[in-house]
Amino acid sequence: MRLTRYFLPVLKETPKEAEIISHQLMLRAGLIKQQAAGSYSWLPYGYRVLMKIQRIVEEEQNRSGAIELLMPTLQSADLWRESGRYEAYGKEMLRIRDRHERDMLYGPTNEEMITDIFRTYVKSYKDLPLNLYHIQWKFRDEVRPRFGTMRSREFLMKDAYSFDLDKERAVAAYNRMFVAYLRTYWRMGLTAIPMRAETGPIGGDLSHEFIVLADTGESGVFCHADMLDKPIPSIDTDYDGDLTPIVKDWTSLYAATEDMADMAEYEAAVPAEKRISARGIEVGQTFYFGTKYSAPMKANVAGSDGQEVTVHMGSYGIGLTRIVPAIIEASHDENGIVWPVSVAPFEAVVINLKAGDAETDAACDSLYAEAGAAGIDVLYDDREVAAGGKFATADLIGVPYQLILGPRGLKEGQAEIKHRRTGERETLPIASAVSRLKALIEPQRRDKA
RNA sequence: CGGAGUAUAGCGCAGCCUGGUAGCGCACCUGCUUCGGGAGCAGGGGGUCGGGUGUUCGAAUCACCCUACUCCGACCA
């Protein structure tokens, strides 16, 4: 993508409403524009990150055996009356009336609708287990939206719903999601710790919140320091096999949100030097809630003995629009964002230090073409702007690698690669720059491990 | 929902106290000179001063009402 043909409105100054660093950088680097309280447009650069995150989520959900579909944003109130939540949900649910005076609502979540789909079509235990998910916009009329897309009213969420014959099998489904989540966050370059959590209005008795540690996080958390560097299950994990050992390992050390934490238990379980008491951002949550929705909504299947069985369910959410600021909170410096390669909107940027100079233009044009042909997501800063401005923009928007070429280097046949994260620079022959770049980038995509 | 604040050009701000018809920096446009860490000079465009009502000869400025947004707290992917 040529920057002169792109839409990237960057700001030199920080809009005053932005309080936390991720919100400031998302506005400054042209990722989002606020449209109303808790409502944001995703500008092209931000949308690219969001879509990269979405792809990772989809790949890992699919790998675990979940199946993607898409449900509408507007739902009929009648479904929610069946489960009893139309009255129970409160003012967070945005209620709408259509032209025929029918009660509708903008979905804050989809347990009722997915249960309706399930009960319509699935009649036999032979069709289980089943896990259906979608990635759709949700609306929760938060009392107080804040921190940009970290807590917005309209947000993009992946929500998966599992259906099983009994509790034991439902827990196995829970474990598959648990493992998929560990992989999903790791692929995005995040360290997310599963913590015992309250179940809240969704209900149930088994739940984990996946928490990214950050000072600006909204939840207080307590955990064992060794949770931070546990090995991530690999790409060839057998989701048809028994995942209990992995989940056991990940849940054996103490890790709980403040709502669940018991100080005496915490101090007994974790030696003083291993105690982490910190703030965290919740980037996902998993629930097993048995028959809470399947019973009132009559989601039954025939068991092997021909008798009707009420299915056991779980639901599993990932807030995609929250993950973007979570990544930035975890990965930035004084100059701007530092994207992990796997979610970076562009993996590299070719910086033409003297756009308008015929020879430099020709050399940079061909580097850009070569990088694109090598399968690198590459941005090309071909603006006629002083070098300092280009470096500042490249740093701000956080592209992992800068491939820099100007008349001086051109004369010597040398280009420069700057590593955004470390600041390290390497000078190398122009001819080998792209292959070097590719070698740096490929392993960091984390799509093969 | 309780408490506190803000609203003047795309962004950051001054002007308001003491009323006289709007200004600065950045960004944007034109030209020239520059060009390896947010360049210089010259010229230029852009504002119903959040909205309404009132006071006044005259309101960005004073008064009242409304709206939007932000922050702190209680609640949540």
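Side-chain atoms are counted along with the backbone in the values below, which use heavy atoms only and exclude waters and symmetry mates. Bear in mind that the values here come from a model prediction, so they are computed numbers and not experimental data.
- Nucleotides B:G50 and B:U61 are separated by 8 Å at their P atoms, to the nearest Å.
- For A:K418 against B:G36, a side-chain-to-base donor-acceptor contact under 3.5 Å is absent.
- Distance A:L27 CG to B:A27 C1': 16 Å, rounded to the nearest Å.
- Sequence order on RNA chain B of the closest nucleotides to A:A18 and A:Q414 puts A:Q414 first from the 5' end.
- Note: A:Y45 and A:Y6 have perpendicular aromatic rings, judged against thresholds of 30 and 60 degrees for the angle between ring planes.
- As rounded to the nearest Å, B:A9 and B:G54 have C1' atoms that lie 29 Å from one another.
- Note: CG (A:L43) to P (B:C11) measures 13 Å, nearest angstrom.
- Listed nucleotides B:G38, B:G36, B:U70 differ in distance to A:T393; the shortest reach to its side chain belongs to B:G38.
- Judged by distance alone, with hydrogens and angles left aside, A:R383 brings no side-chain donor or acceptor close enough to the base of B:G38 to form a pair under 3.5 Å.
- Here A:R144 does not reach the OP1 or OP2 of B:U70: none of its side-chain N or O atoms lies under 4.0 Å away.
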For this session: I would like to know whether A:D365 and A:R2 meet side-chain contact (heavy atoms from CB on, under 4.5 Å); could you show each step before the answer?
Result: CA-CA 10 Å; A:D365 286 0; A:R2 282 176 183 267; 3.6 Å; yes

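- Side chain to side chain, A:T191 and A:Y185 fail the donor-acceptor criterion of an N or O pair below 3.5 Å.
- On the C1' atoms, B:C62 is 10 Å away from B:U56, given to the nearest whole Å.
- One interatomic measurement links the two molecules: CG of A:D395 to C1' of B:G38, which rounds to 11 Å at whole-angstrom precision.
- Under the Watson-Crick or G-U wobble criterion, with both distances below 3.5 Å, B:A27 has no partner in any strand shown.
- Rounded to whole angstrom, the span from the CD atom of A:E384 across to the C1' atom of B:U34 amounts to 12 Å.
- Base-pair partner of B:U53: B:A63 (Watson-Crick or G-U wobble, both distances under 3.5 Å).
- Taking the P atoms as reference points, B:C26 lies 15 Å from B:G38, given to the whole Å.
- Side-chain atoms of A:A37 lie closest to B:U70 of the nucleotides B:G38, B:U70, B:G36.
- When each of B:G36, B:C26, B:G12 is scored by its nearest atom to the side-chain atoms of A:A387, the top-ranked nucleotide is B:G36.
- Checked for salt-bridge contact, A:D103 and A:R81 meet the test: a charged N lies under 4.0 Å from a carboxylate O.
- Closest contact between the side chain of A:R425 and the listed nucleotides B:G37, B:C35, B:G36 involves B:G37.
- Using C1' as the reference atom, B:A39 and B:G47 are 29 Å apart when rounded to the nearest Å.
- The distance from atom NZ of A:K33 to atom C1' of B:C11 is 12 Å, rounded to the nearest whole Å.
- Nucleotides B:A60 and B:A68 are separated by 24 Å at their P atoms, to the nearest Å.
- For B:U6, the paired nucleotide is B:A68, the pair qualifying as Watson-Crick or G-U wobble because both relevant distances are below 3.5 Å.
- The phosphate of B:C11 (OP1 or OP2) has no side-chain N or O of A:K12 nearer than 4.0 angstrom.
- If you measure from atom CG of A:L410 to atom C1' of B:C35, you get 15 Å, rounded to the nearest angstrom.
- Comparing A:T14 and A:M157 along RNA chain B, the residue whose closest nucleotide (by nearest heavy atom) sits nearer the 5' end is A:T14.
- Of the candidates B:G37, B:C69, B:A39, B:G37 carries the atom nearest the A:F391 side chain, counting heavy atoms from C-beta on.
- Comparing B:G38, B:U70, B:C11 by their nearest atom to the side chain of A:A392 picks out B:G38.
- Of all nucleotides listed (B:G38, B:C11, B:G36), B:C11 comes nearest to the side chain of A:L11.
- Taking the side chain of A:E13 as heavy atoms from C-beta on, and the options B:G37, B:C11, B:A39, the nearest nucleotide is B:C11.
- To the nearest whole angstrom, the two C1' atoms, one in B:G73 and one in B:C57, are 49 Å apart.
- Distances shown here put every side-chain N or O of A:Q402 at or beyond 4.0 Å from the OP1 or OP2 atom of B:G37.
- Remark: side-chain polar atoms of A:R153 are not paired, donor with acceptor, to backbone N or O of A:D141 under 3.5 angstrom.
- For the side chain to side chain donor-acceptor pair (under 3.5 Å) with A:Y133, the lone residue among A:D159, A:N110, A:N62 that qualifies is A:N62.
- One atom, CZ of A:F147, and another, P of B:C69, lie 17 Å apart when rounded to the nearest Å.
- B:C66 sits 16 Å from B:U6 when the C1' atoms are compared, rounded to a whole Å.
- Here the closest non-hydrogen pair linking A:L11 and A:L396 is O-CD2, 4.2 Å.
- Going from atom CZ of A:R146 over to atom P of B:U70 covers 11 Å, rounded to whole Å.
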